[in-house]
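Quick notes on the structure that follows.
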Amino acid sequence: MNARAGRSPLDKALRRPNLILGGLLTGMICLTGLAALYGTPYPTDTVSIAERLQAPSAAHWLGTDSLGRDLLSMLMKGAQNALLMGVVAVGIGLAVGVPAGLYAAMRKGLSVDAVMRLSDLIFAFPAILTAVLIAALYGPGVTNAILAVGIFNIAVFARVTRGAALHVMGRQFVTAAAAIGRTPVSIAFTHVLPNAASAIIVQATIQFAVAILAEAGLSYLGLGVQPPDPSWGKMLNDAQTLMFTHPMQAVVPGAAIMVTVLGLNLLGDGLRDVLDPRLRIMRSG
């Protein structure tokens with residue numbers, strides 16, 4: 001027996017350093033955001049001018065910002081808002097885009113063309129531009145930012161799901177299921193979707209990172225999370241005039257964004273190695 005074929009999924013995962021490192025980095029950010037639900041070392045909505053721009057110390061591990069707020073507390077709350085953005089925006093994309101992609105793969109005709117042309121239309125307006133448009137109509141805010149990124153994710157997941165589903169539908173077990181009288185809905189959710197799930201899961205990690213970057217960018221522009229709620233992008237905006245005199249003001253949120261996106265990208269790359277058997281064969285060969 002081939003020893004490689006007999007390995008368990010856990011054993012395969014443990015042999016992927018990128019998956020382990022990505023999981024650790026992503027888990028660290030998730031724990032930081034979850035810890036903020038139960039409280040932060042200092043309130044993030046309390047201004048203390050007397051303690052502004054302090055260096056890291058035992059009282060303030062990362063120092064304070066230009067308003068005297070604790071940077072560690074701001075970082076924790078910012079992680080919570082970034083994770084909220086990612087979870088909800090990716091959830092919207094999965095909830096709408098995956099069924100739409102399955103429908104487009106299983107059916108033919110004008111309705112399928114309409115779904116794919118609508119997807120093309122959404123791609124013509126990236127999440128940032130959509131958020132600017134929504135903010136112009138309804139005002140800035142985290143809800144509108146999540147809606148903009150979520151709409152963009154619908155098109156992404158619809159295309160990924162359709163492509164993966166079309167590939168699966170060419171296999172013999174799907175043809176056999178149709179031959180014994182299985183309905184298209186049953187085939188879609190029993191045979192096609194489980195076999196296309198690996199591509200969808202990997203794409204979800206990528207879009208999670210994209211959503212966090214979009215949230216930081218929108219908050220930097222003043223269109224995302226609104227004060228007094230902290231955001232990594234807003235922290236970068238506040239620090240742009242202090243980068244040379246107080247670099248920690250920009251390093252802290254910038255490092256948080258970098259670690260989060262790096263962790264999610266490594267996690268997605270590791271999951272692709274583990275879940276995609278064709279890629280494993282190509283790399284091992």
Side-chain angles (χ1 to χ4, degrees), residues 3-40 61-62 72-95 97-98 127 146 149-150 153 156-157 160-161 164 193-217 230-233 235 251-284:
R4 189 171 287 160
R7 291 173 184 168
S8 66
L10 178 60
D11 185 48
K12 294 174 183 176
L14 293 176
R15 293 175 181 271
R16 301 291 176 182
N18 52 352
L19 179 61
I20 296 173
L21 180 59
L24 289 174
L25 293 177
T26 303
M28 180 179 65
I29 297 298
C30 290
L31 288 176
T32 301
L34 290 174
L37 291 173
Y38 297 95
T40 55
W61 289 3
L62 297 178
L72 177 58
S73 302
M74 299 283 288
L75 185 75
M76 293 173 65
K77 276 291 187 180
Q80 180 182 322
N81 289 326
L83 291 173
L84 174 65
M85 176 75 161
V87 169
V88 178
V90 172
I92 292 173
L94 288 170
V98 171
I146 290 174
V149 179
N153 283 340
V156 173
F157 283 107
V160 170
T161 303
L193 184 57
N195 286 279
S198 60
I200 297 171
I201 291 171
V202 171
Q203 190 65 43
T205 62
I206 296 173
Q207 293 308 120
F208 203 112
V210 170
I212 288 176
L213 280 175
E215 187 277 328
S231 167
W232 294 340
M235 291 171 69
V251 168
V252 169
I257 295 171
M258 181 193 71
V259 168
T260 304
V261 174
L262 175 63
L264 287 166
N265 284 333
L266 288 174
L267 182 63
D269 187 56
L271 287 173
R272 185 184 292 111
D273 290 347
V274 172
L275 297 176
D276 192 338
R278 294 170 300 166
L279 186 60
R280 290 203 305 269
I281 293 172
M282 290 171 58
R283 291 190 177 183
S284 63

L267 side, atom CG; F208 side, atom CZ - distance, nearest 0.5 Å: 10.5 Å
Approximate separation, where rounding is to 0.5 Å, of M74 CE and L72 CG: 11.5 Å
Less than 3.5 Å apart, which donor and acceptor atoms pair up between the side chains of residues 76-94 and the rest of the protein, not counting sequence neighbours?
{"from": "N81", "atom 1": "ND2", "to": "K77", "atom 2": "O", "distance (Å)": "3.4"}
{"from": "N81", "atom 1": "ND2", "to": "P230", "atom 2": "O", "distance (Å)": "2.6"}

Reported CD1-to-CG distance for the pair I29 and L264, which is rounded to 0.5 angstrom: 9.0 Å
Interatomic spacing from CG in N153 to CD in Q203 - rounded to 0.5 Å: 8.5 Å
Which atom of N265 lies closest to which atom of A209, heavy atoms considered: OD1-CB, 4.2 Å
L75 backbone acceptor or donor facing W232 side chain under 3.5 Å: yes
Contact check, side chains of V149 and E215, non-hydrogen atoms, under 4.5 Å: no
Distance (rounded to the nearest 0.5 Å) between I206 CD1 and I201 CD1: 12.5 Å
Check: T32 side chain, M28 main-chain N or O, donor-acceptor pair, under 3.5 Å: yes
Which residues share a side-chain contact (heavy atoms from CB on, under 4.5 Å) with L21, sequence neighbours left out: L25, L266
N/O donor-acceptor pair under 3.5 Å between T26 side chain and G23 backbone: no
OG1-CD1 distance between T260 and I212, expressed to the nearest 0.5 angstrom: 5.5 Å
Nearest heavy-atom neighbours spanning F157 and A204: CZ-CA, 3.7 Å
